[in-house]
Every structure is written in C-alpha cells, then in structure tokens.
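Everything below concerns the one structure shown next.
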Amino acid sequence: MCRDIRVNVLGEITDGEERGRYVIIKRMNDVPSSFLVLLFLDPDHATGLGDYWVESYEALEEFFAECRWEVCWSDD
C-alpha cells in the first residue's frame, strides 16, 4: 500500500475513486509549481481518461485525500 505522491512516475490506483486506472503526475513550469494529474485506462497510456489541474503540492495532497486514492508506483 503506497500513500506517497510521486511526480513523473506511472502509478496504478489500487483503492478509492478510479480504482484500477493509472495515473501520472506532471509538475508544471509555473512559479509556484502547479500539477497536472493525468489518468489512463491502461499502463501503456494508450487510452487517456482525462486530467485534473491542481494549484500546489498541498492541493495535490488534498486531491488524493478527497479521491481516497492509494497508488502503487511503478518504481517501487
């Protein structure tokens, strides 16, 4: 069970909303950094399911908590 949040790493959502889907978080180049949360149906990114934008790392943590996401990251 993984509760941390990683940037630029593929993760499988193992619990919460979107369970069974895949996620990659991209840091945007603005100051302060905002984040783009990209959702995919499959681990090879062939089928995108949309995205979410969050304004800060703190907002990203809140987003994960609200969605009740637990993610297992591919670099574990």
Side-chain angles (χ1 to χ4, degrees):
M1 178 184 323
C2 304
R3 293 188 181 266
D4 59 339
I5 298 174
R6 300 186 190 172
V7 176
N8 294 323
V9 178
L10 178 68
E12 181 181 1
I13 302 169
T14 59
D15 201 8
E17 296 175 21
E18 307 291 349
R19 182 178 179 186
R21 307 276 168 82
Y22 294 84
V23 61
I24 296 178
I25 300 164
K26 299 286 187 180
R27 183 185 312 266
M28 306 302 288
N29 289 327
D30 46 3
V31 177
S33 291
S34 62
F35 297 86
L36 192 60
V37 180
L38 304 168
L39 291 175
F40 300 95
L41 183 61
D42 42 32
D44 60 358
H45 316 159
T47 306
L49 297 173
D51 58 64
Y52 298 94
W53 174 84
V54 293
E55 64 186 25
S56 65
Y57 190 82
E58 292 78 21
L60 183 59
E61 290 176 315
E62 291 173 15
F63 176 82
F64 265 62
E66 288 174 14
C67 293
R68 300 179 318 278
W69 281 2
E70 290 186 17
V71 178
C72 283
W73 302 100
S74 62
D75 64 348
D76 277 346

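On a predicted model such as this, the values are computed, not experimentally measured, just so you know. Position 1 is the first residue of the sequence; numbering continues from there.
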Assess whether atom CG of Asn29 is packed by more than 12 heavy atoms of other residues, nucleotides or ligands within 6.0 Å. no
Among the clusters formed by ILVMFWY side chains lying less than 4.5 Å apart, do Leu60 and Tyr52 turn up in the same one? yes
Would you say Tyr57 and Met28 are hydrophobically clustered, going by side-chain heavy atoms of ILVMFWY under 4.5 Å? no
Under 4.5 Å between side-chain heavy atoms, counting indirect links through other Ile/Leu/Val/Met/Phe/Trp/Tyr residues: same cluster for Leu38 and Ile25 or not? no
Are Val7 and Leu36 co-members of a hydrophobic cluster defined by side-chain heavy atoms under 4.5 Å apart? no
Counting neighbours of CD on Glu55 that are heavy atoms of other residues, nucleotides or ligands and sit closer than 6.0 Å, is the number greater than 12? no
Between Ile5 and Phe35, is there a side-chain heavy-atom distance shorter than 4.5 Å? no
Do any N or O atoms from the side chain of Ser33 and from the backbone of Arg27 form a donor-acceptor pair under 3.5 angstrom? no
ring-ring contact (aromatic ring centres under 6.0 Å, His included) partners of Phe40, counting only residues at least two apart: His45
Take Arg68 and Asp15 through the test side-chain contact (heavy atoms from CB on, under 4.5 Å) and record every step on the way to the result. CA-CA 7 Å; Arg68 300 179 318 278; Asp15 201 8; over 6 Å; no
Co-membership, hydrophobic cluster, residues Trp73 and Val37, 4.5 Å side-chain: yes
As an exercise, state the distance from SG of Cys72 to CD of Glu12, rounded to the nearest 0.5 Å. 7.0 Å
Which heavy atom of Ile24 sits nearest to which heavy atom of Asn8, and what is that distance? CG2-CA, 4.3 Å
Taking all non-hydrogen atoms of both residues into account, name the closest pair between Ser74 and Val9 and its distance. OG-CG1, 3.6 Å
Ile13 CD1 to Phe64 CZ distance, which is reported to the nearest 0.5 Å: 7.0 Å
State, to 0.1 Å, how close Phe63 and Val54 come at their nearest heavy-atom pair, and which atoms those are. CB-CG1, 4.1 Å
Please name all residues satisfying side chain to side chain donor-acceptor pair (under 3.5 Å) with Asp30, sequence neighbours left out, ordered by chain then number. Ser34
Those residues at least two apart in sequence (or on a different chain) that pass side-chain contact (heavy atoms from CB on, under 4.5 Å) with Leu41 are Arg21, Thr47, Leu49
